[in-house]
Amino acid sequence: MNIPEPLRLVLFLVGTMAFVGLNAAYLVWVERKGAARFQRRPGPTEVGPAGLLQPIADALKLLSKQLIVPSGVDGTLFRAAPILVMMPAMMCLATMPFSEALSARDLNVALVMVFAFGSINVMAIMLGGWSSRNKYAIISAARIVSQNIAYEIPMLLVVITLVMVTGTMNLREIVEQQAGAFWNWNLFRVLSNPLMPVTFVIFFVCMLAETNRAPFDMAEAESELVAGAFTEYAGMGFGVYFMAEYANVVVGCALATLLFLGGWQSPIGVLPGLFWFLLKLYVLVFTVIWVRWTFPRTQFYGLLNLSWKLLIPVSLLTLVLTSITMKLF
Amino acid sequence: MRFGFTDIWRGFWSLVTGMRVTLQQFFRKPVTVHYPHESLPVPDRFRGHIIFVRDPETGKSLCIACKSCEKACPSDCIVVDGVKREGEKKKSVTEFKLDFTKCSLCGSCVEVCPVDALKFSKRYNLASTTKTEYVQIDLVKDVEGRGS
């Protein structure tokens, strides 16, 4: 399309921010409604039809509250942390192609950029916890660091496997390779990596851990750590953390869709690409919510054991298997 | 801890089973009764505060003011008074005050009543900002104001 560059820039900036904001607000509603249905409750019903105005009411409440900066905290870091947590999610979305014609930036190292910014998110939560001058927040920060180190490794190993198969780090090219029927999706490319479905499961598990979602939400294990790193945050400071969690879930699911589930490619050849991308994205988001309300929180050593003793060996195995099959065939 | 491949598979499959169970619940009807908008029927043996049984012919109480309930009450929360009217065989009640702040709903009064004039009501959502409203519940006025 021939939109002048500055206008295109502004449009994508506004679009990305609106997408992230809307998703963060309404995924809270989906989460509450979903949790309720899994527990056979009705969920929010009072504010608007089916509780649809609940996120707006919540946002108004959070916005109207005083932003308290407790005495003794590291003021700069304390104020910067919520912004640092929200920004990477938006930066990551800039590289993601939503459909054939809809992507903000067509980067040839998009995957590297997504992972580079993805780790800022965890670092920012750590900064928030560290600067809060609160024992719960500091414990939470320490947990986040070790959890992040443990799960970054299998995730990157899995992505290396995928990059070996596709031969590119450009998300658009990765999706274009998966054109056609659904057995062309990377998820089912067992000819180049016999363990591809396992790779996807590892990616998904690591994504849950990286975004601090249950059953890996050690960072804000409310029964042990009050609210973890967010304990000292009031009003919209807390609200931004909350939004960032969902924004990161969306980014993670979008990445999984692009890498494994064929992005905007339609499995049956009807309807526009954007529809299919969003459908796959939200099915994954629903699965994330589904997992959260099915499994209890793991213990911390269980979480580290899972990564170091199971996910890393298995992802190394897929890496080796992929290189062997690629060399042979 | 040793990980065998069968253990891994079995563990993974148990997770899948768990997710299947929750998904089945997801598609079933919520069991919550949305209380202020709808409510469950009150069980037959529910014990609200006592009220008079209404005589369908006269529209008044069956009470003969014998004061058995007043004596039977372990918490002393019933005050009864009655008169013998001209041309009537039995005494009739003029005053029946219940102090619901003390009542423990033991049911001695309902049991002891010789003419079965008392029963438990099904009033469960009583609320007031003043204590006095429930210190003296006037059952005579209640039975006359009641439809059935």
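Naming: A, B, ... by sequence-line order, numbering from 1 per chain. Values below: all heavy atoms of this structure, side chains included; hydrogens, waters and symmetry mates excluded.
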For this session: For the residue pair B/T22 and A/W293, confirm or rule out a side-chain donor-acceptor distance under 3.5 Å.
Result: no
Can you confirm whether [X] is buried at [atom1], in the sense that more than 12 heavy atoms of other residues, nucleotides or ligands lie under 6.0 Å from that atom?
X: B/K122; atom1: NZ; result: yes
X: B/K84; atom1: NZ; result: yes
X: A/F275; atom1: CZ; result: yes
X: B/D44; atom1: CG; result: no

Exercise. Taking non-hydrogen atoms and a cut-off under 4.5 angstrom, which of residues 22-31 of chain A neighbour chain B?
Worked result: none
Problem set entry | Interface residues of residues 149-165 of chain A facing chain B - heavy atom cut-off under 4.5 Å | none
Exercise. Just checking heavy atoms, which of residues 23-40 of chain B are less than 4.5 Å from chain A?
Worked result: B/L23, B/Q25, B/F26, B/R28, B/K29, B/P30, B/V31, B/T32, B/H34, B/H37
Exercise. Does any pair with a residue in residues 35-45 of chain A pass salt bridge (Lys or Arg N to Asp or Glu O under 4.0 Å), and if so which ones, sequence neighbours excluded?
Worked result: none
Seminar exercise, completed: Heavy-atom closest pair (B/M19 atom, A/T287 atom, distance to 0.1 Å) is CE-CG2, 4.2 Å
Exercise. For A/F295, is it the side chain, the backbone, both or neither that has a heavy atom under 4.5 Å from a heavy atom of chain B?
Worked result: side chain
Seminar exercise, completed: Most contact-rich option vs chain B, by heavy-atom pairs under 4.5 angstrom, among A/V314, A/V201, A/V291, A/T294, is A/T294
